[in-house]
2 protein chains.
Amino acid sequence: MEVRQLKYLLSIGREGTFTAAAEKLFISQSALSQQVKSMEEELGVPLFDRSRNRLHFTEAGALLHQRAKHIVREVEEAKKAIHELEQLYRGTLRIGVVQTINAYLIPKIVAHFSSRYPEVQLRVHELSAPEIERQLSEHELDLGLSFKPTDYPKLTFDPLFEEELMLIVNPQHPFARREEVEAKALESEQLMLLSEGYCTRRIWDEAAKMADISPKVLIEMNTISSLLSALEDHPKAGTILPALTMKMKAAHGLSAIRIVHPSPTRTAGILWRAQGYRSKASRKLAEIATNMVQELKQ
Amino acid sequence: MEVRQLKYLLSIGREGTFTAAAEKLFISQSALSQQVKSMEEELGVPLFDRSRNRLHFTEAGALLHQRAKHIVREVEEAKKAIHELEQLYRGTLRIGVVQTINAYLIPKIVAHFSSRYPEVQLRVHELSAPEIERQLSEHELDLGLSFKPTDYPKLTFDPLFEEELMLIVNPQHPFARREEVEAKALESEQLMLLSEGYCTRRIWDEAAKMADISPKVLIEMNTISSLLSALEDHPKAGTILPALTMKMKAAHGLSAIRIVHPSPTRTAGILWRAQGYRSKASRKLAEIATNMVQELKQ
DNA sequence: TGATAGATATAAGTAAAACTTATAGTTTAA
DNA sequence: TTAAACTATAAGTTTTACTTATATCTATCA
């Protein structure tokens, strides 16, 4: 039994005769008769009583007619739901974000997106960069806001902006007033860093390697805010974090000094699965993120 | 979008690949690909993400898959409901019954029918014979238990039994002890009869005409029981009612006398629409009624 | 690094179905 | 009784669904 046939039934119910229903359906009366017959054969029961002038449903016919109304409506609603999805009147968007972007960009992006598309549910997961890459590959996320991955097997990366890693210290620290500092000069410093595995840490480790130094790591922590607050208790120590960190409230009163030779930089951007379908919602969100970065650059 | 296609979608959801789903569906993988493609074209949205090894639903695909489960289940349930109707595990049977049959036969028939088919809802309407004929023609009833109609344009009549009309009187009445009475002898009697339009009345009127008499009609009433109780207050009057009436409690203590020359008789039976579908329930009920009359005759 | 296995897509042809036209049969109403 | 309105059926056509065969892609393994 097909949806088409059920629609025929509804039309017959509305019109009262095969002939009128067939006209409304833009098919011949004969085709309609045949389809009804095939339904009756499939079900093994007559659906109509053709004895009298006016057509009547049999009990089975009336039952099926009743059900058909529901079924056809549900099919139409399913189609509608999908179109709404495409119009962003519905749906879910799962995005994975690294800590810094979460703190810096996400509030603005979310505000913008959800005021334009209030029916789309945003699920923002703060995750480490590798975890974002994994979950994206596993279709557990739709979109990532992260850093350029070292190797991206099935992922594409659209850069949003570049960002330097800065040495962040307490104002009491001897470097506090300096504009910039040579990487080499950090050799003897006590550093509090993000745990290994974090992108920021990896980039710093590479920069240190390039400068041929290996400064002492006093403490490893896994959130930016805990590092920042730790600075208050360790005025002699420093930490290395992305420049954006300074926009956080928790960084208020701290000093950020550029590191040169080399300057550890990382590229933030949008991460997608390389091939495959990108939902309208994810494309819109990426667009908003891009525009927002453009605006902030000016 | 057709039920067939939605079933395909469900199978793909279960099996995880087109190939496996096609096998389970006993169609080629190619056919399945084509059908999915046609759905995607109809909806204007991809349903699957074919980028990776394992197949993934897109958000739209997952949404449709979800809906398809409901829709396909509803279609199956509609089919099942119709089969239940045929198995008499479901349904409604509307029967129209004349007063005497209602009082005499219906309780037994209903008891039998509803103990065998408890899921079928019986709707018994006590109606006049012409009203039964009209409602049956208008498809407002499925079956009638009534009397042989004078002219039955689109109805068939299967006789169940014949029944004589009797003169019913109070024991004080002069005829009370007689075995039978000539129709002619009723000329001078005071009669309390059913209203015109009732079958019993019509048959009596015809018999009176044949006997060339026109007895005085003292009172017309429209229920049998009111006639019977009226007899108590009018010991000199009589009423003419079907023999079966005497089986009613209300007739206790009254006398029934056969009328001869002519003997007004009527034939009770089952009334159907001549052509057209007869539901299984109505056929079963007719069968039970027939058997019941056979048993009672013995 | 190719070779292979396992998957989907596509092209072309075939089978099945849905549909059309034409016609016959019914029923109702004039 | 005939015409009008309706449904059923037969025969032929068109469209759709499907099959076979092949191409293409990806992941895995040697």
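Chain letters run A, B, ... following the sequence lines, proteins first and then strands; every chain starts at 1.
Computed from coordinates, the B:Met1 CE to D:dT16 P distance equals 17 Å when rounded to whole Å. To the nearest angstrom, C1' of D:dT19 lies 11 Å from CD of B:Gln29. For the pair A:Glu23 CD and C:dT20 P, the computed distance is 12 Å after rounding to whole Å. C:dT8 atom C1' lies 16 Å from atom CG of B:Leu25, rounded to whole Å. At whole-Å resolution of the value, CD in A:Glu42 and P in C:dA16 are 18 Å apart. The separation between B:Glu41 atom CD and C:dA9 atom P is 12 Å, rounded to whole Å. Protein atom CG of B:Leu32 is 12 Å distant from nucleotide atom C1' of D:dA17, rounded to whole Å. As rounded to whole Å, 16 Å separates atom P of C:dT26 from atom CG of A:Asp49.
Side-chain atoms of B:Thr17 stay outside donor-acceptor range of the base of C:dT8, with no qualifying N/O pair under 3.5 Å. For C:dT8, its base never sits under 3.5 Å from the side chain of B:Ser30 at any donor and acceptor pair.
Set against D:dA10, D:dA8, C:dC19, the side chain of A:Ser33 has D:dA8 as its closest nucleotide.
For B:Ile203 against B:Pro264, the heavy-atom pair with the smallest separation is CG2-CB, 3.8 Å. The minimum heavy-atom distance between A:Asp49 and B:Arg273, with the atom names listed, is OD2-NE, 3.9 Å.
Using a 30° and 60° split on the angle between ring planes, B:Phe18 and B:Phe48 fall in the perpendicular class, above 60°.
Between B:Thr19 and C:dA7 there is no side-chain N or O to OP1 or OP2 distance below 4.0 Å. Note on A:Gln35: a side-chain N or O is less than 4.0 Å away from OP1 or OP2 of C:dA18. Proximity of A:Gln34 to the phosphate of D:dA8: no side-chain N or O atom is located under 4.0 Å from OP1 or OP2. Between C:dC19 and A:Arg4, a contact under 4.0 Å exists linking OP1 or OP2 to a side-chain N or O. The side chain of B:Lys37 places no N or O atom within less than 4.0 Å of a non-bridging phosphate oxygen (OP1 or OP2) of C:dT8.
A search for ring pair (Phe, Tyr, Trp, His ring centres under 6.0 Å) contacts involving A:Tyr8 returns nothing, not counting sequence neighbours.
No engagement by A:Phe48 is indicated, since no non-hydrogen atom pair under 4.0 Å with the nucleic acid exists.
Where B:Phe18 and A:Gln5 meet DNA chain C, the nucleotide closest to each residue was compared, and B:Phe18 sits on the side nearer the 5' end.
A donor-acceptor contact under 3.5 angstrom links the side chains of A:Arg266 and A:Thr200, judged on distance only.
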